[in-house]
Amino acid sequence: MFSKILIANRGEIACRVIKTARKMGIKTVAVYSDADKDALHVEMADEAVHIGPAPAAQSYLIADKIIEACKKTGAEAVHPGYGFLSERASFPQALAEHGIVFIGPNPHAIEAMGDKIESKKAAAAANVSTVPGYLGVIESGAEAAKIADEIGYPVMIKASAGGGGKGMRIAYSREEVQDGFDRAKSEAKSSFGDDRVFVEKFIVDPRHIEIQVLGDKHGNVLYLGERECSIQRRNQKVVEEAPSPLLDEATRRKMGEQAVALAKAVGYDSAGTVEFVAGQDKSFYFLEMNTRLQVEHPVTELITGIDLVEQMIRVAAGEKLAFTQDDIKLNGWAVESRIYAEDPYRNFLPSIGRLVRYRPPAEGKTGDITVRNDTGVYEGGEISLYYDPMIAKLVTHAPTRAEAIEAQADALDAFAIDGIGHNIPFLSALMAHERWKSGQLSTGFIAEEYPDGFHARAPEGELIHQISAVAAVIDHVQNARKRHISGQMMGKPVTFDTHRVVHLGGSHALIVASCEIADVDGGYKVQMFEDDGTPGHVHVLASGWTPGEPVWRGTIDGVPAALQVRPVLNGVALAYRGVATEARVFTAREAELCALMPVKEASAGGKELLCPMPGLVVSIAVQPGQEVKAGEALAVVEAMKMENVLRAERDGVIKSVLAKPGDSLAVDAVILEFA
Amino acid sequence: MKEILEELESRRSIAALGGGAKRIAAQHNRGKLTARERIELLLDRGSFEEFDTFVQHRCIDFGMETQKIPGDGVVTGWGTVNGRQVFVFAKDFTVFGGSLSEEHARKITKIQDMALKTRAPIIGLFDAGGARIQEGVAALGGYGEVFKRNVTSSGVIPQISLIMGPCAGGDVYSPAMTDFIFMVRDTSYMFVTGPDVVKTVTNETVTSEELGGAKVHTTKSSVADGSYENDVEMLLQTRRLIDFLPLNNQSGVPEWPSFDDPLREDESLDTLIPENPNKPYDIKELILKLADEGDFFEIQATFAKNIVTGFGRVEGRTVGFVANQPMVLAGVLDADASRKAARFVRFCDAFEIPIVTLVDVPGFLPGTAQEYGGLIKHGAKLLFAYSQATVPLVTVITRKAFGGAYDVMASKHVGGDVNYAWPTAQIAVMGAKGAVEIIFRADMGDPDKIATQTKNYEQRFLSPFVAAERGYVDEVIMPKTTRKRIARALAMLRSKQVEQPLKKHDNLPL
């Protein structure tokens, strides 16, 4: 076994690998760029080596720097993580030349699976089910149309070297094929410098299901069940789970055996993933093979109990797999959410900056429920623009799918992040989505269910009661403390109305709930009233929440719940199950007088962006005609040697930009105008 | 007997209606509450005791003798806010437009006298049309009586003015002499002379909102300390503010049980200061992480944003925070920021509220605009305010403390009791580049020499240690321990006593 390994990666995956290495008694070396000097993986590793400036192309992607770092530290092997150098066949080759072991598959396997057309040919040769199509080089639109006629419509025209949806077209007829072929070809040429395109059958409502395989250097290859990753936004996986709600045992075995056959055919000797596209009828077709550890590998680890990183290290060191296919048992269900630094309310724009608050839910096993959070950040850390904006992977495991989803929803509710935009509201809403819960998935799920983008869920039904009751309890705790302020005149503390009216307001219409709150043994009793004043539900809540805590943890009618709590003027902003709302709790009289207050239109704000101080324009982030959302950066102005980011106060469209970088502006100089 | 008792009730219910149902409806239609509704929201339920319900004016000119309404346009009395005594007067716009008559003024001064006598805060709610013109000089006399009492009470009891409608002419000067002014957006305005007079005299066309709306006074003139969306929001926030304020200058700060451990360490503060010295950071993050439960009541949040002032608590006891804000103009001190902070420091000092000062200041703002605007005198106000303060002063230098601004910001030299610096602090006369260009002017032609000297300067002076060697900072502390350090320093300073030479009063550079 190795005594020291280097992790040629950053962020959560570097931390993840370090954890396993540490468990195995192996020393670890981290590498870092300028931007990652204070990153968590650097702190966790036994040693760390600086490898260059922030851009990955000048640091994490340079094999020579990694090799140099190995030599400097005496690391015997390199784990590449995912991304960066993980799937470059040249990297393990270069390592080998210096006598360093690559913790991953052999370069031939990487090469064989690296090209889409080549890998399909290999798959077909290994009798793996492939999408009907033509894998040869297609010369003309006419030829493409002929092939399409044979395989049946709709068909997909795809760049051979492509990925991420680029150079991809769907054609429903002969004419569309001819037209699409030329365009796909030129797009492929300009995007990838390789104009080869191929044609294949297009699967309607496809699902993304992938098989985890694991091989050693002694010819053994096993499959560790599947993962379903159909919840994608613009071809980026958002939520993954294992197993897949679609598969039955027979299909699973069939897919697994084909995946193993392919892996064996290319001499695969590490952890890898064979991706399939599956139809709703459980038909499945080979898509591609990823010759690395996948982002979503934790769901497989949780249902199999196998530490994939440990296995990768062991097989890289030459060990034989210590188990056989028969030993692999799938146990329970695991769901993973990718928590990204992106603002779901602003069309998922990336959000960078300081993590003013970062408090993930507690990890570990409670009863049947396991919560795991793979992360590479910490409170006070920085999300930089140079790398993938993933903050964490939150994984929950439970005996059943429904329980795992419920646990995931709970864990998301308890996850507190401030300082940057993040997609937890979206993930929470997703966990409550009926179609997701029913398992009726397809890769078009997000586009179909959220065609106009994401908006916070409006509270409804039971959620109104639950959120109102928590708001009333929060207000009650605050009032109870006020009773103890010093300097009161009457010798006994002032009393408060126990009848409260809760206003829930936000992007949704105002919701009014009326209740009576009382302290009961170990908690609070909240008697709700109907609109006509007749008593409605009674909720019993218990919580040790005190003012200042960002998460209200407790039980509502005996069921554990966690709500995000942030102070707002005269109230709190609450987030729960994808609902985001502001709650203000009034006495009946206050509520009555509130009703007399005028409803004001959101103030239009200025038509211009004015320079708030004398300064130098560093950059302008927008162009005329561009739509901007409130909070989006518009320009950077330097004053007193300090860079100030000017942001849009509201949504709008840029009419004209009057300043340019380098301009020296006076106070109130117009930088740009809104339409 | 019963009828006699009932007569009281009936007279009260007439008085309670003020200017009558029609005028109340009109008030509501303007998006405003009535005087009595406002008092109801401001005070604890059922705690209001009204005085002078039946007072009427005595004017007999211009037909006024036939128009009499009990209360005469102002509702006065006292009550409690979370059990603590406060006095209140609220102009009743439904009665003679809330205009001030001699009797109206007398109702206010009665309450002012009582507030001063009993050393309890007084809150004035303004929504009125100015002087009762029919009364002429009697009204003006009334104003004067009110003003005089404002001044007598200043520094003895907190005085708060809530502008909830028109406030013009003579009405503006009473608020102007109180400690805090808050305005309701869109429905309130304040000016000495209104748009009509402005038009006549200067030929300037301007709306009331442009002349004296909440936006003007919270961003340009700094007359107001904050603004709120509507009456309810303002009144509930006023209750919140009162929870921070002492009842008077001798009562000491209020205290309530804190849920936040005073010894709490916050690791994230160790990374608050960016690697790049030219990158700003938000000083409010630090304030929120230092104050109990992240609860901070900001004063003048939208004016001179390069300095942040406001109230928080440590160990459940009120603390005033003053902090340079690197996010705005690099946190530089200019005339506006100096005035804003000076006034806040003096309020805290007058009412025995300890002050925590967070320093990241690159100096005073250069330029003709500033110098012509009297930066010297305005900057001196803040220096004066700190130097004169006898309350506990705890100072934390987070990054830059350059030049004269270092001295001003509650340095050891002007009376700082406990002065801490973070390891990231740079306590120096100026930044390295500027300093080297002056000291090594002769070498300006040699970039290598200059670079070396700049590096030397940075190493020697751009750290807290030169100051620490001289005892100008008491200790260099880890950022994460700041709350603990402040809490312990404040606890230690609770018994602070300062002897001052006898004087009538100081001569603040006004």
Side-chain angles (χ1 to χ4, degrees), chain A residues 34 37-38 354-358 378-382 418-419 477 479 481-490 492-497 546-550 566-567 569-570 584 586-587 589-594 596-600 603 612-615 638-645 667, chain B residues 28 30-33 37 40-41 44-45 47 80 82-85 185-187 228-233 236-237 240 243 246-247 251-252 254-257 259-260 266-272 274-275 277-282 285 292-295 326-332 362 365 367 431:
Chain A
D34 287 347
K37 203 153 72 75
D38 297 319
R354 179 173 159 83
L355 279 167
V356 171
R357 177 151 28 210
Y358 176 76
Y378 54 88
E379 184 165 291
E382 192 91 10
D418 284 333
V477 171
N479 282 335
R481 191 249 301 269
K482 286 177 192 160
R483 269 171 229 160
H484 293 102
I485 193 167
S486 63
Q488 297 187 50
M489 61 180 297
M490 295 300 284
K492 77 177 204 238
V494 65
T495 56
F496 286 84
D497 270 335
T546 56
E549 287 179 37
R566 301 290 183 278
L569 218 51
N570 294 323
R584 291 185 173 78
F586 297 113
T587 63
R589 181 63 175 148
E590 285 165 355
E592 201 181 329
L593 294 175
C594 262
L596 294 171
M597 293 295 96
V599 180
K600 297 185 189 178
S603 77
M613 65 211 105
E638 188 191 290
M640 295 297 291
K641 296 178 192 156
M642 197 71 85
E643 288 180 2
N644 300 273
V645 181
V667 179
Chain B
H28 287 164
R30 287 190 199 99
K32 302 193 292 185
L33 299 178
E37 287 166 344
E40 234 185 309
L41 287 184
D44 294 335
R45 179 187 52 171
S47 74
T80 58
N82 291 323
R84 296 163 77 224
Q85 179 180 340
R185 290 194 281 273
D186 305 321
T187 43
Y228 296 101
E229 202 52 33
N230 58 47
D231 287 13
V232 177
E233 192 178 282
L236 296 180
Q237 281 297 305
R240 181 174 162 236
D243 287 344
L247 293 174
S251 66
E255 185 171 357
W256 72 17
F259 294 110
D260 201 350
D266 196 324
E267 300 271 346
S268 69
L269 294 181
D270 284 351
T271 56
L272 181 65
E275 200 73 34
N278 297 336
K279 281 266 183 294
Y281 60 96
D282 189 354
E285 180 184 339
D292 282 359
E293 302 151 23
D295 191 12
M327 296 274 277
V328 180
L329 275 170
V332 74
L365 184 62

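Bear in mind that the values here come from a model prediction, so they are computed numbers and not experimental data. In the text below, chain A, chain B and the rest are named by the order of the sequence lines, each starting its count at 1.
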## Note on the structure
Closest non-hydrogen contact found for Pro254(B) with Ser486(A) is CA-OG, 3.4 Å
### Task
Could you pull out the closest heavy-atom pair between Leu236(B) and Glu590(A), with the gap in Å?
CD2-OE2, 3.5 Å
### Summary
Rounding to 0.5 Å, atoms CZ (Arg240(B)) and NZ (Lys482(A)) come to a distance of 9.5 Å
### Query
Could Lys279(B) and Glu382(A) be called an ion pair, given the rule that one side-chain N must be under 4.0 Å from one carboxylate O?
no
### Task
Look at the side chain of Thr271(B) and the backbone N and O of Gly380(A), then say whether any donor-acceptor pair between them is shorter than 3.5 Å.
yes
#### Entry: Side-chain (Arg589(A)) to main-chain (Leu41(B)) donor-acceptor, under 3.5 angstrom
no
### Contact class of Glu285(B) relative to chain A, heavy atoms under 4.5 angstrom
side chain
### Under 4.5 Å from a heavy atom of chain A, the part of Glu40(B) involved
side chain
### Proximal component of Asp295(B), with respect to chain A [non-hydrogen, under 4.5 Å]
neither
### Query
So which heavy atom on Lys37(A) is nearest to which on Glu275(B), and how close?
NZ-OE2, 3.1 Å
### Task
Could you check which of Asn570(A), Asp418(A), Thr587(A) has the highest count of heavy-atom pairs closer than 4.5 Å to chain B?
Asn570(A)
#### Entry: Any side-chain heavy-atom pair of Arg481(A) and Phe259(B) under 4.5 Å
yes
#### Entry: Straight-line distance of Leu593(A) CG to His28(B) NE2, nearest 0.5 Å
7.0 Å
### Task
For Val356(A) and Ser268(B), work out which heavy atoms get closest and say how close.
O-OG, 4.5 Å
### Task
Supply the atom-to-atom distance Asp270(B) CG to Glu379(A) CD, rounded to the nearest 0.5 angstrom.
11.5 Å
### Query
Of the listed residues (Leu269(B), Val232(B), Asp260(B)), which shares the most heavy-atom pairs with chain A below a 4.5 Å separation?
Val232(B)
### Side chain, backbone, both or neither of Arg30(B) within contact of chain A (heavy atoms, under 4.5 Å)
neither
### Query
What is the distance from atom CD of Glu37(B) to atom CG of Leu596(A), rounded to the nearest 0.5 Å?
6.0 Å
### Query
Counting heavy-atom pairs under 4.5 Å to chain A, which of Gly367(B), Gly294(B), Pro280(B) comes out on top?
Pro280(B)
### Message
Check this for me: Glu592(A), atom CD, are more than 12 non-hydrogen atoms of other residues, nucleotides or ligands nearer than 6.0 Å?
### Response
yes
### Query
Taking every heavy-atom pair that is under 4.5 Å apart, which of Glu233(B), Arg185(B), Gln85(B), Gln237(B) has the most such pairs with chain A?
Gln237(B)
### Task
Evaluate side chain to side chain contact (heavy atoms under 4.5 Å, CB included) for Val645(A) paired with Met327(B), printing each intermediate quantity in order.
CA-CA 9 Å; Val645(A) 181; Met327(B) 296 274 277; over 6 Å; no
### Proximal component of Asp231(B), with respect to chain A [non-hydrogen, under 4.5 Å]
both
### Query
Which bit of Phe586(A) is near chain B, if near means a heavy-atom gap under 4.5 Å: side chain, backbone, both or neither?
side chain
## Note on the structure
Closest heavy-atom pair, Asn82(B) versus Ile485(A), reported as atoms and distance to 0.1 Å, is O-CG2, 3.4 Å
### Proximity breakdown for Asp266(B) and chain A, heavy-atom pairs closer than 4.5 Å
side chain
### Query
Side chain, backbone, both or neither: which part of Asp497(A) has a heavy atom under 4.5 Å from chain B?
both
### Shortest non-hydrogen separation from Thr80(B) to Met489(A) and the atoms involved
CG2-SD, 3.4 Å
#### Entry: Pro547(A), part contacting chain B, at a heavy-atom distance under 4.5 Å
both
